[in-house]
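Each remark here refers to the structure printed beneath this line.
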Amino acid sequence: MSSLNVIRLPLISALALALAACDGSGGSGTPIPDVACAETGPYACRTGTTEPLYTFQWALNYKDSYFQDYPSVFGGGLDLNVEPVHRQGIKGQGVRVMVVDSGVDLHTEDLAPNADPSLSWNLVTDMPDPYPTEPATTQGPHGTVVAGIIAAAQNGKGVMGIAPLAKIGGVNYLESDEDDPGAWAASLGGATWSSGADIFNASLGMGAAFAVPYDSDEDTYTPVIRAMKKLRDGKGAVFLKAAGNDFDSRVCGLSIGYYDCSNPSNDQMGPREPNAITVAAINALGEASSYSSAGSVIWVSGMGGEYGEGGTYGEVGIGDYSGPTLFSTDLRGCAVGYSSKTAETPFLRGESHHNGVLDNRDCDYTYMNGTSAATPTIAGVAALMLSANPDLSWRDVRDILRMSARKVDAGYVSASPHRLGLFPYGARMDLATNKLSTHLGGKDDIRPGSTAVPIDLGWQKNGAGHEHSNWYGFGVPDAARAVELAREYKRDPQLSRLQDVKIPQFETVKVWYQGDDYLEDYYEEYPGKQGVTDAQSMAFPYQRVTLLGTLQSPAQVVDSFQVRLTGKDVCLGAVGIAVRSPAGTVSLLKLPNDAFRAGETVEFADYAVNSVAFYGEEAQGEWQIYLMAANPDLPLEFAVKLPDGNYKPWFSQSCFGAKPHPAKYFLETEARIIAQ
């Protein structure tokens, strides 16, 4: 796109790429009942140990990984526990997966056996072969890597996908005219070649610092995502969406980032919709990958790894964010792709030896990190689930991923990214100085008049007994447990939920303004809002916590909670939003001093944020919506990322340029509960 750049979401290191069954061997210790193997052929009911590069695929077999001898980058983590499923011969048979990306090289030796040309399209050439038209770009190989993580074949060559018998297709959406809503619709089930997909993997996203409208006349993305619920004969396609790679973005400031100022909710390509499963990333240490975007829309976490910069395979720790990535398929040959003769590591140049054999001689394999890599790991697990039970609805798949998820990194809010441990990840932010404190914050800081707020609350158990984290969602799915739950749903179809969730219209909670002309302009622009009677004239309450308003709910069960804002002459970057449910659960939907502060965003319409942290709670009662407003008048030193990956220092005198915040402003707050 020209103004809102759609990007693929790996976080490829410039150094690394010079371009941009019940034996518990899976590492989770969760067995599943013995089931007679229905698979036939030379690889029937065998794990990926048949594949030469499997030893590097720690996400599939953590315990026996090559990296186990390198404690500086590995240890204390986990895998997806797919081996017990593979031993039963469940490998994605009968499932069709669409990779919405930069195109896919379906002719590689590890993708060709599973390639489905009828599930593929090239939006540039208008032909079925989705091979990227610009393979030499950093974006070109991206979709091929994603596809291999999901469905690389078990054929004694290279790597193995999580669902190595699933059919795989691709569309080069990222090379198309992304300003065309038709390309988005066609890629997500709106064309004959995409309508038969069971699972859509979208390892891409919108820029983080755009206050795009949501669920309004200007929003062309949301209707497409909602339409996916009609696919699969009404059961709905499964839509996996990458959270983004902006946690350590310097747009918050030039120092090391302690919190995610990008917010996955800002992405208009799906995360706010209930049928979008938003995926964060963890590394081989069992912690959030250093780049993984965090926010209250995160559903689960997959395996993304770190930067793979040290050693031949990423086994040597050379910095704070060292560690292995995800190994997968690449564009064929050493002339294009992430593996090439000009790459930095011996493996990527096709020069490395393992067990005395060249392990990437033709440069057909590579590695990649990012939530782009984590998302297809969950797509692969979803394919195993649908292989075990094709009748699962999109809601069933989403629920089972949550129910099978494992809590990781329980005390992360007390940790610190700084070697001296100056501030914990759950530190309090002073709303007057915009500085962090060395003290942990908590949900009790979210109260009227408070002048400091937490930047993360860590793992919280909600009123329904579900634990959720803005970093990890509900945790890391266990494939063995997920498949057993899928079978349980097959034995008892009454467990399945085929009906849609209930999405009401947004309800105006409060209108604040200063200056009658602003209110008159609002009524003129939105004639349907003439009946708003609770408009309140007041000075904008920067530098403190204020109760924005309340939403009364009847008896229903929560799926998610959404807040939508429209404002003029309001520093969106100074605004934070927190919500307290009737059960007492507090969720941070938007943090103050985020990416909009660097962008000096002061006018926005229908900008929305979403939280799944309340999932399963009884909604009846009063929901409290809080404004956490920082100081918009202080200067900010930040950095702009350049195309070559380097950063350029930048400076903003205040959110309003060189001026203090104006007295006149307008802010409308809307909210709604999406119910189960």
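None of Val483, Val397, Asp396 except one satisfies the side chain to side chain contact (heavy atoms under 4.5 Å, CB included) rule with Leu386; the exception is Val397.
For the atom pair Trp471 CH2 and Asp260 CG, the distance stands at 10.0 Å (nearest 0.5 Å). Atom OG of residue Ser292 and atom CZ of residue Phe247 lie 9.0 Å apart, to the nearest 0.5 angstrom. The CG atom of Asp594 sits 11.5 Å away from the CG atom of Asp246 when rounded to the nearest 0.5 Å. Note that CZ of Arg487 is 10.0 Å distant from CG of Asn389, once rounded to the nearest 0.5 Å. With rounding to the nearest 0.5 Å, the separation of OG in Ser328 from CE in Met160 is 12.5 Å.
Ala237 and Arg232 make their closest contact through CA-CD, 3.8 Å (heavy atoms, listed as atom of the first residue, atom of the second, distance). Heavy atoms only, all atoms of each residue included: Ser293 and Pro264 are closest at CB-CG, 3.9 Å. When all heavy atoms are compared, the tightest approach of Asn462 to Ala613 is ND2-O, 2.9 Å. Shortest non-hydrogen contact noted between Leu80 and Met303 is N-CE, 3.9 Å. Nearest heavy-atom pair, Ser216 versus Asp606, reported as atom, atom and distance to 0.1 Å: CB-OD2, 3.4 Å. The two residues Ala152 and Asn114 come nearest to each other via the heavy atoms C-ND2, 4.2 Å.
Under 4.0 Å is where a charged nitrogen must lie from a carboxylate oxygen, and between Asp399 and Arg395 no such pair does. Under 4.0 Å is where a charged nitrogen must lie from a carboxylate oxygen, and between Asp215 and Arg672 at least one such pair does. At a threshold of 4.0 Å, the pair Glu484-Arg481 does not count as salt-bridged, since none of the basic side-chain nitrogens sits closer than that to a carboxylate oxygen. The existence of a salt bridge linking Lys461 and Glu467 is excluded, since no basic side-chain nitrogen approaches an acidic carboxylate oxygen closer than 4.0 Å.
The number of heavy-atom neighbours closer than 6.0 Å to CG of Asp492, taken from other residues, nucleotides and ligands shown, is above 12. Under a cut-off of 6.0 angstrom, the local environment of CD in Gln505 is sparse, with at most 12 non-hydrogen atoms contributed by other residues, nucleotides or ligands. Within a 6.0 Å radius of NZ in Lys230, no more than 12 heavy atoms belonging to other residues, nucleotides or ligands are found.
Cation-pi geometry between Arg398 and Trp299 is met: under 6.0 angstrom from the ring centre, within 45 degrees of the axis.
No side-chain donor from either of Asp456 and Asn470 sits under 3.5 Å from a side-chain acceptor of the other. A side-chain donor-acceptor contact under 3.5 Å links Asn266 and Tyr607. Neither side chain, Gln620 nor Ser553, offers a donor N or O lying under 3.5 Å from an acceptor on the other. The closest side-chain donor-acceptor pair between His142 and Ser203, if any, does not fall under 3.5 angstrom. Side-chain contact check for Asn172 and Ser102: no donor-acceptor pair (N or O, by modelled atom type) lies under 3.5 Å. No hydrogens or angles considered: nothing links the side chains of Glu617 and Tyr615 as a donor-acceptor pair under 3.5 Å. In this structure, a donor-acceptor pair under 3.5 Å is absent between the side chains of Asp559 and Gln676. Residues Arg96 and Ser118 bring a donor and an acceptor atom of their side chains to less than 3.5 Å of each other. For the residue pair Glu668 / Thr508, a side-chain donor-acceptor distance below 3.5 Å is found, with atom types taken as modelled.
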| said: Show, in sequence, the C-alpha distance, side-chain angles and deciding distance for Thr371 and Asn245, and conclude whether the side chain to side chain donor-acceptor pair (under 3.5 Å) test is met. | reply: CA-CA 6 Å; Thr371 55; Asn245 305 319; 3.0 Å; yes

Side chain to side chain contact (heavy atoms under 4.5 Å, CB included) between Val408 and Glu287, intermediate numbers included: CA-CA 7 Å; Val408 295; Glu287 303 167 348; over 6 Å; no

Evaluate the salt bridge (Lys or Arg N to Asp or Glu O under 4.0 Å) criterion for residues Lys241 and Asp267: first the C-alpha distance (whole Å), next the side-chain angles of each, then the deciding distance (0.1 Å), finally the verdict.
-> CA-CA 10 Å; Lys241 173 72 179 65; Asp267 187 343; 2.7 Å; yes

ask   = Given Ile90 and His86, is the side chain to side chain contact (heavy atoms under 4.5 Å, CB included) satisfied, shown in steps?
value = CA-CA 5 Å; Ile90 300 171; His86 290 165; over 6 Å; no

### Message
Determine whether Arg406 and Leu78 satisfy the following criterion, side chain to side chain contact (heavy atoms under 4.5 Å, CB included), listing intermediate values before the conclusion.
### Response
CA-CA 10 Å; Arg406 296 157 289 175; Leu78 72 169; 3.4 Å; yes

- Task: Could you go through the side chain to side chain contact (heavy atoms under 4.5 Å, CB included) check for Phe474 and Leu401 one step at a time?
- Result: CA-CA 9 Å; Phe474 293 105; Leu401 288 173; over 6 Å; no

Exercise for the section: Applying ring pair (Phe, Tyr, Trp, His ring centres under 6.0 Å), run through Trp394 and Phe239 and close with a yes or a no. Expected result: CA-CA 8 Å; Trp394 70 264; Phe239 179 52; over 10 Å; no

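Under the 4.5 Å side-chain criterion, counting only non-hydrogen atoms from C-beta, Val586 is in contact with Leu457.
The aromatic ring centroids of Tyr472 and Tyr412 lie less than 6.0 Å from each other.
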